[in-house]
**Q** 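My structure is below; once you've seen it, I'll send some questions.
Here is how names work: the chains are called A, B, and so on, in the same order as the sequence lines, proteins then strands, and each is numbered from 1.
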Amino acid sequence: MGRKILLKHINEPGIQGYETYRRIGGYASVEKAVKTMTPDAIVEEVKKSGLRGRGGAGFPTGMKWSFLAKPEGVNRYLVCNADESEPGTFKDRYLMEKIPHLLIEGMITSSFALGAHTSYIYIRGEYFYIVNILEKAIEEAYANGWLGKNILGTGYDLDLYVHVGAGAYICGEETALLESLEGKRGNPRIKPPFPAIKGLWGCPTVVNNVETIASVVSIVNDGGDAYAALGIGRSTGTKLISASGHINKPGVYEIEMGITVEDFIYSDEYCGGILNGKKLKAVVAGGSSVPILPAELILKTANGEKRLMSYEGLSDGGFATGTMLGSGGFIVMDETTNIVQNLYTFARFYHHESCGQCSPCREGTAWMEKIMHKILHGHGTLADVDLLWEIQSKIEGNTICPLGDAAAWPVASAIRHFRSEFEEYVKNPESIKEVNHLYNTQLA
Amino acid sequence: MGKIKIQHSKFKIIKMSEVKKIEFSPEAFELVQRLIRRYPEGNQKSALIPTLHLAQAEFDGWLSAPVMDYVASLLQIQAIEVYEVASFYSMFNLKPVGKCLIEVCRTSSCWLRGANEVVAHIEKKLNIKDGETTPDGKFTLKTVECLGSCGTAPMLQIGKQYHENLTLDKVENLINDWSQATEHSKYLDNSTFRKN
């Protein structure tokens, strides 16, 4: 069994409530931080831990924190990004639902480190039932003196609020999230200035993912070095992986960085192998935005070595033969999966979710969906496949925010690795049927 | 977030004679005041999205122009600021919806586990297409993008409730349960936000 940090106590009965959470040692990091550490010392520990942003970009958290501007007399804010919307990703939901106090504790400790006195958790609107859970946990934290005025008699004040969105993938992009939190459309801002200088209401702001914030708890408790001792190379610590698709045991798994992909897919500790004993065809390893890889490349790198679950392991080989860890949304497809049909669901997704601000993304995602639709309905030509390639290459790198890249990469990688399937679809559309069925159906 | 076909109006046009007096219940009004206090003074616009959710819950599950104007007056912002936000986010309905709004996830992980069969079954059962409402005003079917329930796919959402690991039996039961509903499905209720 791998070491667990975030999900160590997940199966403890009653862990959702304050009493149990406190009994297993909860809120110790707040006590240690506000009573015995300076904010700078906490930032140092986070730097030492090597923790990287768990939302998908993988930017070093300690460095992000150290960029925060601290002008006199200006409020600073910590905003937790709980807008989890990347297709294939459901780890933050799991964490907030099962062990909400871990996030609240992380928010308090991190807010202290950043000198924030008001912090927000921005949660996607569809997760309304989790808003209830978080609000209750926050209420308990206030009632027990972990939030509010003069926390533990140290003179540190902090208010924590949940802010709910209303359905927009783009609000997971940090500047779009801030726009949304200000009550506007979720249009990403041009950077610089970065949020660390000019963020929420023009004030210095740090935006961190749920899992990142939750990881700070153990870093403060046990020290950055202990965290950095886990994992492999620059991929320190543990990572939550959301496993879905054609596997025997879908769910959220905490892995120590550096286990092999093969182990993750086939061992009973994790995914438990492919559903119905079928063969593996392809994997989208880090949420819909990252390149899809065929079985042979996800299990082994181009050099023939076993591929590892880590930032560097998954990106080994660049986009030619590798992919990315991303948000850890691990979507597994068996041998019956039609890659063209799957890509259509992604193309439709990005078209739906483009905010419309930059023309390459607004127009490009629309055209990619149209062309995919045309191919799917048997009217495609070989030139359409080249046109798709052309369009995606003109979106990538030409937009304000990374949604453009995220829309381009799935298309590029599907064509790169599965071009023959597109050609088959174009030449012989009659022969292709939809093959995905409900596996647990009794009617039908 | 554009659709392929050109939409002449995102908003439903209603006649002045149809406009009823629009006012939040005292509880909802009080909640809006509490939500405003969550943001620094002068930034009450930040309470817009939560307030629109509340308005949708209070007024039959959708946002009419008069309702949005009312929200603008509560937050002391321009009506256009409300319209542009309401038309951006997918959870805000700008046209009336059925008592039960069924939102079925259609993105990759759910599609891999049979989401299309779920949609087809609901379409057949209710005799409506994606995006339509039954003539009796009971059900609206809407396919939506990833709801973060990929490990328990396929899934659908009604109000704030997630229904996961769907079978056609489960879908049948949900439709039967909701066919008797007297109130609209809601994302939030009185217990959603804490009282202090």
**Q** Could you list the residues that satisfy salt bridge (Lys or Arg N to Asp or Glu O under 4.0 Å) with A:Arg124, not counting sequence neighbours?
**A** A:Glu126
**Q** With a 4.5 angstrom heavy-atom cut-off, could you sort out which part of A:Phe330 is near chain B: side chain, backbone, both or neither?
**A** neither
**Q** Kindly check if the number of other-residue, nucleotide or ligand heavy atoms within 6.0 Å of CG (B:Asn127) is above 12?
**A** no
**Q** Under the rule for salt bridge (Lys or Arg N to Asp or Glu O under 4.0 Å), what residues qualify as partners of B:Arg37, not counting sequence neighbours?
**A** none
**Q** Where does A:Ile130 contact chain B at under 4.5 Å (heavy atoms): side chain, backbone, both or neither?
**A** neither
**Q** Quick one: does A:His163's side chain get under 4.5 Å of B:Pro50's, heavy atoms only?
**A** yes
**Q** Does some side-chain heavy atom of B:Ser191 sit less than 4.5 Å from a side-chain heavy atom of A:Lys136?
**A** no
**Q** If you compare all heavy atoms of A:Gly186 against all heavy atoms of B:Tyr89, which two are closest, and at what distance to 0.1 Å?
**A** N-OH, 3.3 Å
**Q** Is the closest basic N to carboxylate O distance between B:Glu164 and A:Arg93 below 4.0 Å?
**A** yes
**Q** Sort A:Thr89 into side chain, backbone, both or neither according to what part of it lies under 4.5 angstrom from a heavy atom of chain B.
**A** backbone
**Q** Listed by residue number, which members of residues 38-48 of chain B have a heavy atom under 4.5 Å from any heavy atom of chain A?
**A** B:Arg38, B:Tyr39, B:Pro40, B:Asn43, B:Lys45, B:Ser46, B:Leu48
**Q** So which part of A:Ser242 gets closer than 4.5 Å to some heavy atom of chain B, the side chain, the backbone, both or neither?
**A** neither
**Q** What's the spacing between B:Leu147 CG and A:Tyr127 OH if we round to 0.5 Å?
**A** 8.0 Å
**Q** Could you have a look at A:Ile138, A:Ile133, A:Thr118, A:Ile247 and say which one has the most heavy-atom pairs with chain B under 4.5 angstrom?
**A** A:Ile138
**Q** With a 4.5 Å cut-off on side-chain heavy atoms, are B:Trp111 and A:Gln341 touching?
**A** yes
**Q** Should we say atom NZ of A:Lys184 is surrounded by more than 12 heavy atoms from elsewhere, each under 6.0 Å from it?
**A** yes
**Q** When you look at A:Leu275 and B:Arg113, which way does the side-chain contact (heavy atoms from CB on, under 4.5 Å) test go after all the steps?
**A** CA-CA 11 Å; A:Leu275 201 63; B:Arg113 308 270 308 211; 3.8 Å; yes
**Q** Determine whether more than 12 heavy atoms belonging to other residues, nucleotides or ligands lie under 6.0 Å from atom CD of B:Glu30.
**A** yes
**Q** What class does the angle between the rings of B:Tyr162 and A:Tyr129 fall in, given that below 30° is parallel, 30 to 60° is tilted and above 60° is perpendicular?
**A** tilted
**Q** Could you tell me which portion of A:Tyr94 (side chain, backbone, both or neither) has an atom closer than 4.5 angstrom to a non-hydrogen atom of chain B?
**A** neither
**Q** Got more than 12 heavy atoms from elsewhere within 6.0 Å of CD, B:Gln33?
**A** yes
**Q** Specify which of A:Gly183, A:Gly245, A:Ala243 makes the most heavy-atom pairs with chain B at under 4.5 Å.
**A** A:Gly183
**Q** Grab the two heavy atoms, one from A:Pro87 and one from B:Cys146, that are nearest each other, plus how far apart they are.
**A** CA-SG, 3.5 Å
**Q** More than 12 heavy atoms of other residues, nucleotides or ligands under 6.0 Å from CH2 of A:Trp201: is that the case?
**A** yes
**Q** Select one option (side chain, backbone, both, neither) describing which atoms of A:Thr365 are under 4.5 Å from chain B's heavy atoms.
**A** neither
**Q** Quick one: pull up NZ in B:Lys195 and CD in A:Glu135 and give me the separation to the nearest 0.5 Å.
**A** 9.5 Å
**Q** Would you compute the distance between atom NE2 of A:His246 and atom CG of B:Leu112 and round it to the nearest 0.5 angstrom?
**A** 4.5 Å
**Q** Is there side-chain contact between A:Cys355 and B:Phe88, with heavy atoms separated by less than 4.5 Å?
**A** yes
**Q** With chain B as the partner, which of A:Pro250, A:Gly88, A:Ala166, A:Ser244 has the greatest number of non-hydrogen pairs under 4.5 Å?
**A** A:Ala166
**Q** Using the test ring-ring contact (aromatic ring centres under 6.0 Å, His included), find all partners of A:Phe349 that sit at least two apart in sequence or belong to another chain.
**A** A:Tyr169
**Q** Roughly how far, to the nearest 0.5 Å, is OG of B:Ser90 from CD of A:Glu353?
**A** 6.5 Å
**Q** Is A:Tyr120 close to chain B through its backbone or its side chain, or both, or neither, when contacts mean heavy atoms under 4.5 Å?
**A** side chain
**Q** Supply the atom-to-atom distance B:Ser108 OG to A:Arg348 CZ, rounded to the nearest 0.5 angstrom.
**A** 10.5 Å
**Q** Atom CG of A:Leu134 and atom OG1 of B:Thr192: how far apart are they, to the nearest 0.5 Å?
**A** 12.0 Å
**Q** Which residue is it: A:Thr345, A:Ile331, A:Asn342? I am looking for the one with a side chain to side chain contact (heavy atoms under 4.5 Å, CB included) to B:Ser109.
**A** A:Ile331
**Q** Let's go through B:Lys160 and A:Asn132 carefully: what are the C-alpha distance in whole Å and the side-chain angles of both, what is the deciding distance for side-chain contact (heavy atoms from CB on, under 4.5 Å) to 0.1 Å, and is it a yes or a no?
**A** CA-CA 10 Å; B:Lys160 71 173 178 180; A:Asn132 282 47; 3.1 Å; yes
**Q** Give, as side chain, backbone, both or neither, the part of A:Leu160 having an atom under 4.5 angstrom from any heavy atom of chain B.
**A** backbone
**Q** Just so I understand: if I count every heavy-atom pair under 4.5 Å between each of A:Ser85, A:Gly329, A:Ser180, A:Ser288 and chain B, which residue has the most?
**A** A:Ser180
**Q** Side-chain contact test, heavy atoms from C-beta onward, threshold under 4.5 Å: evaluate it for A:Tyr350 versus B:Glu145 and give yes or no.
**A** no
**Q** Could you tell me which portion of B:Glu84 (side chain, backbone, both or neither) has an atom closer than 4.5 angstrom to a non-hydrogen atom of chain A?
**A** both
**Q** Check whether A:Val284 gets within reach of chain B through its side chain, its backbone, both or neither, counting any heavy atom under 4.5 Å.
**A** neither
**Q** Quick one: what part of B:Ser149 sits under 4.5 Å from any heavy atom of chain A, side chain, backbone, both or neither?
**A** both
